[in-house]
Protein chains: 2
Amino acid sequence: MSLTHLQSFVAVAEEGHVGRAARRLHLTQPPLSRHILALEDELGARLFERTRSGMRLLPAGEAFLLHARRILAEVDAAVHTVRGVTGTRSGG
Amino acid sequence: MSLTHLQSFVAVAEEGHVGRAARRLHLTQPPLSRHILALEDELGARLFERTRSGMRLLPAGEAFLLHARRILAEVDAAVHTVRGVTGTRSGG
DNA sequence: CAGAATTACGTTTCCCGTAATGATA
DNA sequence: TATCATTACGGGAAACGTAATTCTG
C-alpha cells in the first residue's frame with residue numbers, strides 16, 4: 001500500500017474511468033490499472049466492478065474510499081501543520 | 001512522502017535512535033537515515049535535533065508525529081474496514 | 001470495428017545494504 | 001578511540017510507457 005495507490009484509487013473512483021483518471025494524474029492507463037489491481041490484491045477484495053463503460057465502485061470500494069480520502073487529507077494537514085510550526089512558506 | 005517514511009519517522013521518534021529504530025524495522029541505518037532526511041527535505045523543515053546520543057524531536061517533529069500516527073492508524077482502519085465489508089479473514 | 005481494461009516487454013529509476021566518511025567528546 | 005549519523009557506490013527490484021492482448025456488443 002502506498003499513498004500513490006490511494007491517490008490513484010480516489011481518482012478512478014471519482015472518474016469511473018481509468019483512462020480519464022490517468023489523464024487527471026498525468027499518467028497512462030497501464031500503471032494506473034496496476035495500482036488498482038495491486039490495491040485489490042493487497043486488500044484481498046475487489047473494489048470496483050468492471051463494466052463495459054468503465055469502473056464502478058463496489059460496497060467494499062465505497063467503504064475504502066472514505067478512508068482513502070481521509071488519509072490523503074491527513075497527509076495534507078500534516079504538511080500544513082509542519083509549515084505552520086516552522087513558519088515555512090510555499091514561495092519563500 | 002510515503003507510508004514507509006512515516007513508519008520510519010515514528011520509529012525514530014519513539015526510539016530516539018536511528019540504529020535502534022532500524023533494528024525494530026528490520027532495516028539498516030543508512031536507508032532509515034535517508035527516510036528521515038527525505039522527509040525533512042520534502043517538508044522543508046528539520047524534524048529532529050541531532051545530539052551526540054541520538055535523535056531528539058524538535059517542535060515541528062512533535063507536531064508531525066501526531067499526524068503520522070494518525071495517518072498510519074487510518075491506514076490500518078481502512079484495511080480492517082474492507083476486510084469487514086467483504087468478510088475476508090487474515091488466515092483464510 | 002469500437003472502446004474499455006489488462007498483460008507483455010524493455011528501460012529507467014528507485015532503494016536497499018556494505019563500506020567509507022564526517023562529526024562529537 | 002568510540003559512537004553516533006550521513007554519504008558513496010554497486011546490484012536487484014519496482015514502476016513507468018509503448019505495444020499487444022482480451023473482452024464485450
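Residue numbers start from 1 in every chain, and the chains themselves are labelled A, B, ... in the order their sequence lines are given, proteins ahead of strands.
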- prompt: Is there a path of hydrophobic side-chain contacts, each under 4.5 Å between heavy atoms of I, L, V, M, F, W or Y residues, that connects Val85(B) with Val10(A)?
  reply: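 No; Val10(A) is not reachable from Val85(B) via cluster members.
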Which residues pass the side-chain contact (heavy atoms from CB on, under 4.5 Å) test with [X], not counting sequence neighbours?
X	result
Glu62(B)	Leu57(B)
Glu42(B)	Met1(B)
Arg56(B)	Glu49(B), Thr51(B)
Ala22(A)	Leu32(A)

task: Salt-bridge test for Glu14(B) and Arg69(B): reply yes if a basic N is under 4.0 Å from a carboxylate O, no otherwise.
output: yes
- request: Can you run down the ring-ring contact (aromatic ring centres under 6.0 Å, His included) pairs that involve residues 14-42 of chain A, sequence neighbours left out, and say none if there aren't any?
  value: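 Qualifying pairs, neighbours excluded: His5(A)-His35(A).
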In [range], what residues come within less than 4.0 Å of DNA chain C, judged by heavy atoms?
range	answer
residues 55-64 of chain A	Met55(A)
residues 31-42 of chain B	Pro31(B), Arg34(B), His35(B)
residues 7-26 of chain A	His17(A), Val18(A), Gly19(A)

query: For DNA chain C, which nucleotides open and close the run of contacts to chain A, 5' to 3', at under 4.0 angstrom from a non-hydrogen atom?
result: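 The contact span of chain A on DNA chain C goes from dA4(C) to dA8(C).
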task: Verify, without hydrogens or angle tests, whether Glu40(A) (side chain) and Ala45(A) (backbone) share a donor-acceptor contact under 3.5 angstrom.
output: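 Not confirmed, Glu40(A) side chain does not pair with Ala45(A) backbone.
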message: Between Thr86(B) (side chain only) and Val82(B) (backbone N and O only), is there a donor and an acceptor less than 3.5 Å apart?
response: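 Confirmed, Thr86(B) side chain pairs with Val82(B) backbone.
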- prompt: Between Leu6(B) and Phe64(B), is a side chain to side chain contact (heavy atoms under 4.5 Å, CB included) present by the stated rule, with each step listed?
  reply: CA-CA 10 Å; Leu6(B) 295 182; Phe64(B) 190 70; 3.6 Å; yes
- prompt: Considering residues at least two apart in sequence or located in another chain, which fulfil the salt bridge (charged side-chain N to carboxylate O under 4.0 Å, His left out) criterion with Glu15(B)?
  reply: Arg20(B), Arg24(B)
field: Qualifying residues under salt bridge (charged side-chain N to carboxylate O under 4.0 Å, His left out), relative to Arg23(B), sequence neighbours excluded
entry: none
message: Quick check on the helix from dC1(C)-dG25(D) to dA25(C)-dT1(D): what's the angle between its two end axes, five base pairs per end, to the nearest 10°?
response: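 Nearest ten degrees gives 10° for this helix.
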message: Would you compute the distance between atom CZ of Arg34(A) and atom CG of Leu39(A) and round it to the nearest 0.5 angstrom?
response: 15.0 Å
- line: When rounded to whole Å, the CD to C1' distance for the pair Gln29(B) and dC4(D) reads 9 Å
